[in-house]
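Taking it in order: structure first as structure tokens, then the write-up.
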Amino acid sequence: MKLGLAALLLLAPFAIAAGQRPADRIALDRLHDSLRALTPFDTAALRTEYRTLSGHAPSIRAPLTTLQSGLVALRLGELGADADFGEALASLRRATRLESDWPAPWYLLGVAASRRAAWEQADPLALGNRVGVGTLEHAAEYYAKALSADPGYARAAIALGGLVLSLHDTALYAGALNALRRAGRAGRSPDVLLALGRVERAAGESDSAIAAFEAARAARGPGALELLEIARTRLASGQPEGPSAYFEGASADDSAAVAEYRADLTPIATESELAEFDASLGAARADFLRHFWLERDRAELRGEGERLQEHYRRLSYARRNFALTLSRRFYGSADAYRSGSTELDDRGVIYVRHGDPAERLHPFVFGLMPNETWRYDRADGDLLFHFSSGSDENGGGDLYDYRLVESVLDLHGASDAPVDQLLLSRQSLSPVYGRMLNWGHYGAGRSRARERGIGQASIAFGTTTDSYELQFAHRLSVAANLIAIGREAGRPIGHFVFALASPDSAPPLRGGGSYAVRVRLAVIDGAGQAFATVDTVVAVRAPARLEPGQYLLGRAQLPLPPGTWDWRAAVQIGEDAGAVLPRDTVRVAAAGGRLSLGDLALGVVGASAIWLPSPVDTAYMTPFGIVREGSELELYYEATGASPAARYAHEIAVYRLKGEPAVAERRPVVRVGFSEAAGDSVIRARRTLQLQRLKPGRYLVEVRVSGPDGLSDARRREIMVIPIRSLRAASSSRRTPPD
């Protein structure tokens, strides 16, 4: 040792009065820090000094001696010479009995109890899911008593705040807040104010939390960590100033703040996104985060900043409602998912990724452990998540730890529950539960397999993605298509054509006047990035009376680059009526080069949206391809890459589709062929197809254009011929790209 241990203890300038003064406490803290510099090579000397101090004869200095022995024993435990910290706990308890109004013994007793809890949790032979939790709760009591003796004891306040938050037990917040508020008023330490603000926020006191963080910032000076805490609180409570503080703090290279930013991203970010975050510095880190959240806004058809704000609202809600109050999570071979989280149960994992479910059930069924099922209403297919507490042969767990299971038949205790009650309790979620209960032996078996498949797919999707899909109180009936045809300002364009009607329940469309239809559209590349978006309002004129089955038709457009892209869209009227459409694909033909056909525009006069590609051409567009038996079908298409003055052969054929999956018959029921010279590099063609020979059913319209060099291109589109009166619709079109 560079300095003898006895000399180290003698250098501690204690002047003990009736109560320990701040100067004495500071000296003791310095001694504590000095002892922490000792290494395992010093354990023999430490042990000797501990025996000397422990055997000291009682005197007026006994409380100090006892406290010193507790400090030495604490360091012995940290060095592994007293692994269970029994000697430290015994010495420090004696010190608190000798001088109960001194803050230091209570604080050090809390430190020793925390170390003891870590030792308990590391013991593989200790059984249970709450090993060490009781000891940690005692440690929190000791820190609070230290603050009761001296509200200005910063170390005790910081330790209390961190420990209470780590226990995730909301019942502890009230007592901790009282102690921390006194500490905040007493010392105005920036770290104490940070601890106070974090507990205030966890307890739902957003305004008080922000005040504490602002005070910490004033005391320390501008800091990234304080800015992040202010941003977290404002974002979680929906305050508009949150994003600016969030990005401002992200640009600082403060290691503590950077670690907190990363921790907030971890529940939803991919490994590659986290690696990109780790590689960014300073302003580049803030730029990465702006891009990270903006891409999620655009892909979910949201306004800028909505996804960021929702993320922190979800984190706050999940930590209050789905926190784990356990110290261990045991997994069994039958567990469907292993999050590894020690903060949130599986409900919290799903909630942070996907938000509020459309329907949440937690029914009581005799024999079942407490359980829940969540249904998410998604345009691409509903998600079903089953959560079960407790444990049985289907997997490990605890009554306070809800785990994902694949099927309601896997809920813990399901083997002892009445099957009919179990399935009836979920019948509102999906028709599959009625089939599992009421169909025959083979039908019920197929339904059970389907229900499990839904659960497996939901878990696989729900635990690897995140979403913030638009939701509407009243769902419109909407059909839509993105048709890539034509050019404006030298660029290819896509036409979003939609038809919408009211559902039978609570119809928002009643006919008459003009409707302002909000259209949101995002075109997405292979990396999941929304590279083209539109958010505009289309005015649609409605007839005086809107009959059942009658649609309003409209069109919006946006420029698109050549390629094959995914797209998703939402259509909305007013604040609470609309629909999100399933994801689909569009192929945009390249300009120049080889001959290439764009999409086929199909429609019926009077029941289609209209686009004027040129002063002499009209394209009729319908999103659903349904035509009345015996009507005339308008067809418009364009081909790029033509050689001016060269002749091109056009062949239009209509094939009947049969079977499932549908297969086209070999011989067409309608065929039209002609040859024309190209006027320029773009061929425009419009034809009217007579459908008198077509009986009700499904058909495939195929257009093929061939050049003099033998090269050709073809496009196809399916239509449905139905024996009903023609659709009547109001239509609207936009000739210019929306802002």
Checklist entry - Would Trp611 and Tyr620 count as a close aromatic pair, with their ring centres under 6.0 Å? => result no
Contacts of [X] that satisfy side chain to side chain contact (heavy atoms under 4.5 Å, CB included) - sequence neighbours left out:
X: Ser166; result: Leu163
X: Asp254; result: Ala224, Ala256, Ala257
X: Ala212; result: Leu196

Checklist entry - So, Gln557 and Glu488: side-chain donor and acceptor under 3.5 Å apart, yes or no? => result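 A donor-acceptor contact under 3.5 Å links the two side chains.
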Checklist entry - Can you tell me if Thr325 and His168 form a side-chain donor-acceptor pair at under 3.5 Å? => result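 There is no such pair between these side chains.
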Item to check | ring-ring contact (aromatic ring centres under 6.0 Å, His included) involving Tyr402 - partner list, sequence neighbours excluded | outcome: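 Result, ring-ring contact (aromatic ring centres under 6.0 Å, His included) vs Tyr402: none returned.
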Item to check | ring-ring contact (aromatic ring centres under 6.0 Å, His included) partners for Tyr317, two or more places apart | outcome: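 Result, ring-ring contact (aromatic ring centres under 6.0 Å, His included) vs Tyr317: Phe322, Tyr351.
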Who pairs with [X] by salt bridge (Lys or Arg N to Asp or Glu O under 4.0 Å), at least two apart in sequence or on another chain?
X: Arg314; value: Glu310
X: Asp525; value: none
X: Glu660; value: Arg698
X: Arg568; value: Glu300, Glu469

Donor-acceptor contacts, no H, no angles, side chain residues 286-293, under 3.5 Å, sequence neighbours left out:
unit_1	atom_1	unit_2	atom_2	d
Asp287	OD1	Arg290	NH1	3.3
His291	NE2	Gln529	OE1	3.3
Trp293	NE1	Tyr246	OH	3.2

Item to check | Residue from Thr463, Asp466, Leu383 passing side-chain contact (heavy atoms from CB on, under 4.5 Å) with Ile350 | outcome: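 Only one of Thr463, Asp466, Leu383 forms a side-chain contact (heavy atoms from CB on, under 4.5 Å) with Ile350, namely Thr463.
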Checklist entry - Who passes side chain to side chain donor-acceptor pair (under 3.5 Å) against Ser339, sequence neighbours left out? => result Arg329
Checklist entry - Can you name the residues that form a side chain to side chain donor-acceptor pair (under 3.5 Å) with Arg234, not counting sequence neighbours? => result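 Checked Arg234 against side chain to side chain donor-acceptor pair (under 3.5 Å); matches are Glu214.
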